[in-house]
Amino acid sequence: MSFSAKSGALLSSRAARWWWWQQPTCAAAAPAWSYFGGSWSRPILDMSYSRHFLDFQGSSIPSSMKKLVVTKLSQNFREAVTLQQDSPVPLPGDGDLLVRNRFVGINASDINYSAGRYDASVKPPFDIGFEGVGDVVALGLSASADYTVGQAVAYVKAGSFAEYTVVPARQAVPLPSVKPEFLTLMVSGATAYLSLKELGDLSEGKKVLVTAAAGGTGQFAVQLAKKAKCHVIGTCSSDEKGGFLKSIGCDRTINYKTENVESVLRKDYPEGVDVVYESVGGKMFDLALNALAIKGRLIVIGFIAGYQNPTGLQPIKAELLPAKLLKKSASVRGFFLNHYLSDYKMALQHLLKMYERGDLVCEVDFGDMSPEGKFTGLESVFRAVDYMYMGKNIGKIVVELPHSVNSKL
């Protein structure tokens, strides 16, 4: 294996050192997702202490980049977050990868993060964005044991709303190619899979209600429940979304803009539903709770209806909760992905295999139908967040980050 002369030139750093060899991927050292590829040649680049970078196809990695930074704690994303134009491109350490982001995912919890609700000890300024897909453009010596420059990877790590992100190699997921569909699985797909697996107790014939069913994570809850041979009901806000839900197997769609959810559930499911996958909160939470069957289970994976409020919450009829649960021997369980990280790799591997086999639809919404068009560039993250909170998206909202004019990727 060889690189061009320009690519292989030794950079002006007294600590930069090169080693080159070819060796197959050994099973013991390969990441959990190594089934995507066999052996490959590994260029070894020690960037641990270098002040320079090398792009594997000879195009320069700039010294500065754009990124989004939380500069003020607020539930108003536009007030909280600032686009910085000239932030230094970060240096990868010995066990790190430098990833040039190609696609980044939008999550409802981006607002919670910018409001400082996840960790009160973290003060602005801090980086934002949870997940990305891109190419490895530089790496440390230890990281090169499992990764190579030019490899496609996905990751979940704070700081993805940037042109370049340093990712610990142990947190990266090697991919066969850079595709936005893979990004849908990192947080949204894994949340649906693990919450239903651990808390749903799904089995054939069970009735499952999914709220915000056409959203980034709802689409996976619908499909996974159908794979378990359940009867699936999905709430949504338009006939277009209802059509999408039917295309992925939803048995009954409820457009809450034109139908009364409570009336539909009472009429069509008089004995209640066995499992609720709930992400809306407020009035929808109350409706879902009332619709539970005997021994029903309500899984809370979010409450987006309240995130833009100062407290992050919308009122619910909590004073009636104990009596309602007791009356039906029902339960309410919360699910937060960070508490299930020991099972995360297993879940993601399973989902990736399902997608590769064609058993899973990973719907991506680039905002093509939004008033200002496709979400392209970090500047459009603000529009993408607004788009989500207006309830316009079908599937996972993804922002594409175009390459600079110097890039040859």
Side-chain angles (χ1 to χ4, degrees), residues 25 27-38 103 105 107 130-133 146-147 151-157 167-206 208 210 213-232 234 245 247-250 274-275 277 279 297 299 301-302 333-364 395-396 398:
T25 303
W33 303 274
S34 59
Y35 62 86
F36 279 130
F103 301 101
N107 293 282
F130 292 130
E131 54 188 344
V133 168
D146 293 316
Y147 292 90
Q151 187 168 355
V153 295
Y155 64 89
V156 175
K157 177 183 179 293
V167 180
R170 67 182 182 278
Q171 295 180 18
V173 180
L175 299 173
S177 61
V178 175
K179 293 176 64 176
E181 286 79 7
F182 292 124
L183 189 59
T184 69
L185 302 175
M186 300 300 293
V187 172
S188 299
T191 294
Y193 178 84
L194 284 170
S195 63
L196 291 174
K197 178 178 180 292
E198 298 295 326
L199 308 178
D201 192 25
L202 301 184
S203 60
E204 184 173 357
K206 296 291 187 181
V208 178
V210 180
T217 186
Q219 65 171 325
F220 295 112
V222 168
Q223 293 178 81
L224 293 170
K226 284 303 296 180
K227 296 293 182 186
K229 300 182 179 180
C230 297
H231 177 92
V232 182
L245 290 174
S247 75
I248 60 174
C250 199
D274 301 293
V275 179
Y277 184 86
S279 62
R297 297 172 296 284
I299 304 169
I301 63 103
R333 296 285 301 272
F335 178 89
F336 189 48
L337 184 59
N338 285 6
H339 298 150
Y340 291 82
L341 294 181
S342 60
D343 297 317
Y344 178 77
K345 288 185 177 181
M346 172 275 297
L348 193 56
Q349 182 177 6
H350 181 78
L351 292 168
L352 286 165
K353 287 180 177 178
M354 287 182 68
Y355 174 69
E356 288 291 287
R357 292 196 306 262
D359 292 337
L360 198 63
V361 173
C362 298
E363 187 71 14
V364 174
K396 177 80 174 184
V398 173

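Positions are given from 1 along the sequence. Side chains included, hydrogens not; waters and symmetry mates left out as well; all remaining heavy atoms used.
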task: Please examine the side chains of Val156 and Tyr344, heavy atoms only from C-beta on, and report whether any two atoms are closer than 4.5 Å.
output: yes
field: Check: Ser177 and Phe182 side chains under 4.5 Å, non-hydrogen atoms
entry: yes
- prompt: What closest approach, in Å, do Gly234 and Ala213 show between heavy atoms, and which atom pair accounts for it?
  reply: CA-CB, 3.7 Å
message: I'd like to check Leu352 versus Val173 (side-chain heavy atoms, cut-off strictly below 4.5 Å). Are they in contact?
response: yes
task: Output every pair passing side-chain hydrogen bond (donor to acceptor under 3.5 Å, both in side chains) with a member in residues 178-203, not counting sequence neighbours, ordered by first then second residue.
output: Lys179-Tyr355, Ser188-Lys396
message: Show the nearest heavy-atom pair for residues Ala192 and Ala221, with the distance to one decimal.
response: CB-N, 3.7 Å
message: Nearest 0.5 Å, please: how far is CZ in Arg170 from CG in Asp146?
response: 12.5 Å
- prompt: Which heavy atom of Gly200 sits nearest a heavy atom of Val275, and at what distance?
  reply: O-CG2, 3.4 Å
- request: Please report the closest heavy-atom contact between Pro180 and Val398, naming both atoms and the distance.
  value: CB-CG1, 4.2 Å
- prompt: How about Leu199 and Leu196: do any of their side-chain heavy atoms sit closer than 4.5 Å?
  reply: no
- prompt: Is there a donor-acceptor pair closer than 3.5 Å between any side-chain N or O of Tyr147 and the backbone N or O of Val153?
  reply: no
Enumerate donor-acceptor pairs with a distance under 3.5 Å from any side-chain N or O in residues 223-232 to protein atoms, sequence neighbours excluded.
unit_1: Gln223; atom_1: OE1; unit_2: Val361; atom_2: N; d: 2.7
unit_1: Gln223; atom_1: NE2; unit_2: Gln219; atom_2: O; d: 3.1
unit_1: Gln223; atom_1: NE2; unit_2: Val361; atom_2: O; d: 2.9
unit_1: Lys226; atom_1: NZ; unit_2: Cys230; atom_2: O; d: 3.4
unit_1: Lys226; atom_1: NZ; unit_2: Asp251; atom_2: OD1; d: 3.2
unit_1: Lys226; atom_1: NZ; unit_2: Asp251; atom_2: OD2; d: 3.1
unit_1: Lys227; atom_1: NZ; unit_2: Asp359; atom_2: O; d: 3.1
unit_1: His231; atom_1: NE2; unit_2: Tyr269; atom_2: OH; d: 2.8

message: Could you check, using the six-membered ring where one of them is a Trp, whether Tyr340 and Phe335 have ring centers closer than 6.0 angstrom?
response: yes
field: From CG (Leu185) to NE2 (His350), nearest 0.5 Å
entry: 11.0 Å
- prompt: For the atom pair CG (Leu341) and CZ (Phe336), what is the distance rounded to the nearest 0.5 Å?
  reply: 9.0 Å
message: Is there a side-chain contact between Thr217 and Tyr277 in this structure, where contact means two heavy atoms from C-beta onward sitting under 4.5 Å apart?
response: yes
Contact summary for Cys362 and Phe220, nearest pair of heavy atoms: SG-CE2, 3.9 Å
